[in-house]
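Right, one structure below, let's go through it.
Lettering follows sequence order; numbering is per chain, from 1.
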Protein chains: 2
Amino acid sequence: MRTSDVSAIPREPGVATVEKTLSILEIVAERGGATAKEVSLALGYPLPTVYRLMQALVSSDYLVHLKGQRRFELGYKLDRLGVSLHRQIGVPNPVRAEIGRLHDAAQTAGYFAVYRGADVVVAYVVDSPEHPRLTPLGFGFHEAAHATAFGKIMLAGMTPEQVNQYLEVHGMPRMTERTMTSRAQLDEHLAGVGHLGVAWEHEEFVPGMTCAAVGVRNGAGMVVGAVAISAPSEQISRVRERELERYLRDASNHVSRYYRSGQTRKPGAPAAA
Amino acid sequence: MRTSDVSAIPREPGVATVEKTLSILEIVAERGGATAKEVSLALGYPLPTVYRLMQALVSSDYLVHLKGQRRFELGYKLDRLGVSLHRQIGVPNPVRAEIGRLHDAAQTAGYFAVYRGADVVVAYVVDSPEHPRLTPLGFGFHEAAHATAFGKIMLAGMTPEQVNQYLEVHGMPRMTERTMTSRAQLDEHLAGVGHLGVAWEHEEFVPGMTCAAVGVRNGAGMVVGAVAISAPSEQISRVRERELERYLRDASNHVSRYYRSGQTRKPGAPAAA
DNA sequence: CGGCCTTTCTCACTCCGTGAGAGCGCCTCT
DNA sequence: AGAGGCGCTCTCACGGAGTGAGAAAGGCCG
């Protein structure tokens with residue numbers, strides 16, 4: 001929902017046309033297809049402009065024009081780009097399988113997170129109707145590292161400068177009443193996490209939900225990722241915590257072994273399978 | 001690639017900026033990430049322009065800037081758009097399962113195709129290392145209906161005017177030496193396909209590969225999609241043909257039953273014109 | 001056949017994107 | 001460490017590209 005208030009908003013010196021074009025794409029995506037008029041109304045752009053931009057998108061295969069139904073829908077190039085993105089983030093199949101095993105064994109949603117540039121990003125998730133993922137924690141989630149279990153593991157694996165930089169960009173927004181929002185508190189917590197090798201997060205991100213994570217390390221011993229689980233807090237007893245930690249360490253060991261064994265990154269060709 | 005000579009190229013009156021922006025996106029996708037300079041060189045756009053456009057893409061989350069590695073890679077919004085596209089094409093789970101069963105039973109790659117606007121598009125594929133898909137036939141493939149088995153089924157399910165329109169847009173390009181390229185020949189063939197209820201395609205699309213398809217019908221008896229398989233021609237004996245037809249009809253029956261039973265989220269009627 | 005909606009076209013204006021060039025800052029090589 | 005190279009950003013004046021009102025063309029409906 002973009003407000004098209006031209007006067008008030010301090011327009012970044014971006015390329016206005018690009019922004020308009022992309023917002024059209026997103027409107028069509030949100031609504032599952034839209035007519036030009038709907039877009040025009042929703043975004044406040046004049047009709048001819050909308051048509052021109054949409055035609056540009058159609059001719060590049062980012063949209064298709066369903067003439068019969070007088071609607072625009074998303075085009076096929078978006079699938080290819082999505083696939084490319086997944087290939088760039090590149091979670092190897094053995095790792096996927098390991099997260100699947102974690103999900104099965106722990107009977108919780110299972111996650112795998114990696115660094116990407118200065119960010120911490122969810123790269124793979126396995127869940128099921130009985131054990132669903134935390135709603136915002138899908139592929140590509142890269143916010144609020146201070147309030148998630150895998151985020152803490154990954155922050156603990158960064159240099160102090162990197163942590164500073166991360167927090168400068170993202171801040172420490174309060175997600176729930178338990179979220180840590182003071183830097184001192186977080187630093188102390190991260191020291192503990194680094195010491196124990198496991199991070200717990202009790203309702204600091206979503207009320208009623210608990211997460212835990214363990215780091216994945218490469219041959220040099222550096223944290224390169226994290227395996228994590230999430231579960232309703234009510235299901236987490238002392239015994240259950242021990243059990244989950246065991247599953248996490250187990251998964252982490254297997255994944256770490258994979259990353260140590262060579263095939264770390266960019267194996268050139270996305271090997272079959 | 002010279003950018004200097006504007007007069008020679010018959011520029012469509014598209015929005016040039018949009019085109020440039022999207023081509024940047026695609027370069028980054030192809031190469032699995034790129035620096036601004038690489039993009040500038042590859043596309044022949046001046047560096048500042050590339051930076052400006054890339055920053056616009058970054059600020060909309062279509063790209064990310066990995067400052068550490070001085071590279072741009074694809075952003076997370078592309079995943080969401082890809083997911084939206086899949087939702088718009090919307091192959092219901094029971095249908096997916098049926099194609100999976102087709103793959104298992106027939107021991108071939110399995111396909112499901114639907115109408116989308118005036119197009120015929122591959123909506124779902126199940127394959128495996130032993131039985132891989134035909135290389136260009138991935139999700140979103142929508143060309144050369146005259147040379148594919150599912151394309152023939154879907155053309156046979158369209159009105160003559162719809163077929164005319166389709167062929168006007170796409171033509172009948174020769175794919176192999178067996179491709180039908182005359183309209184009369186195709187019409188005759190389609191009549192046979194409509195009569196038999198199954199379409200075969202012997203090396204008309206890719207040399208050495210054979211495909212077959214059977215239509216999926218809704219409650220009104222209209223073709224709304226097609227189930228298909230592909231296999232190396234050398235594996236196709238007379239007996240095997242019979243067997244594959246049986247599997248296809250079986251899959252088609254199950255899928256058709258699903259579409260008759262109500263739950264058709266979209267009335268995938270062949271809407272054209 | 002006549003209304004209504006979608007889509008395309010035209011055209012003059014002006015605003016927006018453009019791109020050379022300079023300058024800054026980080027990484028690397030010696 | 002210093003020097004050099006490279007990646008990245010900013011500025012600014014020019015010019016053409018995008019813009020958007022308006023109207024006309026094309027379809028579908030009753």
Measure [atom1]/[X] against [atom2]/[N] and give the value in whole Å, please.
| X | N | atom1 | atom2 | result |
| --- | --- | --- | --- | --- |
| A:Q165 | C:dG25 | CD | C1' | 14 Å |
| A:K67 | C:dT6 | NZ | C1' | 13 Å |
| B:K37 | C:dG19 | NZ | C1' | 16 Å |
| A:Y51 | D:dA24 | OH | C1' | 14 Å |
| A:L66 | D:dG27 | CG | P | 18 Å |
| A:L47 | D:dA23 | CG | P | 15 Å |
| A:L53 | D:dG20 | CG | P | 9 Å |
| A:L41 | C:dC5 | CG | P | 13 Å |

Do any side-chain nitrogens or oxygens of B:H65 fall under 4.0 Å of OP1 or OP2 in D:dG7?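 Checking B:H65 against D:dG7: no side-chain N or O falls below 4.0 Å of OP1 or OP2.
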Other residues, nucleotides, ligands: >12 heavy atoms within 6.0 Å of A:Q185 CD: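 Yes, the 6.0 Å shell around CD holds more than 12 heavy atoms from other groups.
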Classify A:Q55 by what it touches in the nucleic acid, base, sugar-phosphate, or nothing, heavy-atom distance under 4.0 Å.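 Sugar-phosphate contact only - A:Q55 comes under 4.0 Å of backbone atoms but never of a base.
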Heavy atoms from C-beta onward define the side chain here; which of [options] lies closest to that of [X]?
| X | options | answer |
| --- | --- | --- |
| A:P48 | D:dT9, C:dC9, C:dA20 | C:dC9 |
| A:R52 | D:dC8, C:dT18, D:dT19 | D:dT19 |
| B:K20 | D:dG18, C:dT18, C:dT6 | C:dT18 |
| A:R70 | D:dG20, C:dT7, C:dA20 | C:dT7 |

Which word best sums up how the rings of A:Y76 and B:H142 line up, parallel for under 30°, tilted for 30 to 60°, or perpendicular for over 60°? tilted
Supply the atom-to-atom distance A:Y51 OH to A:K37 NZ, rounded to the nearest 0.5 angstrom.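 Taking OH in A:Y51 and NZ in A:K37, the distance rounds to 9.5 Å.
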Nearest 0.5 Å please: distance from the OG1 atom of A:T35 over to the CG atom of A:L66. 12.0 Å
Are B:F139 and B:H86 close enough that their ring centres sit under 6.0 Å apart? yes
Find which nucleotide of DNA chain D each of B:A36 and A:T17 is nearest to by heavy atoms, and output the residue with the more 5' nucleotide. B:A36
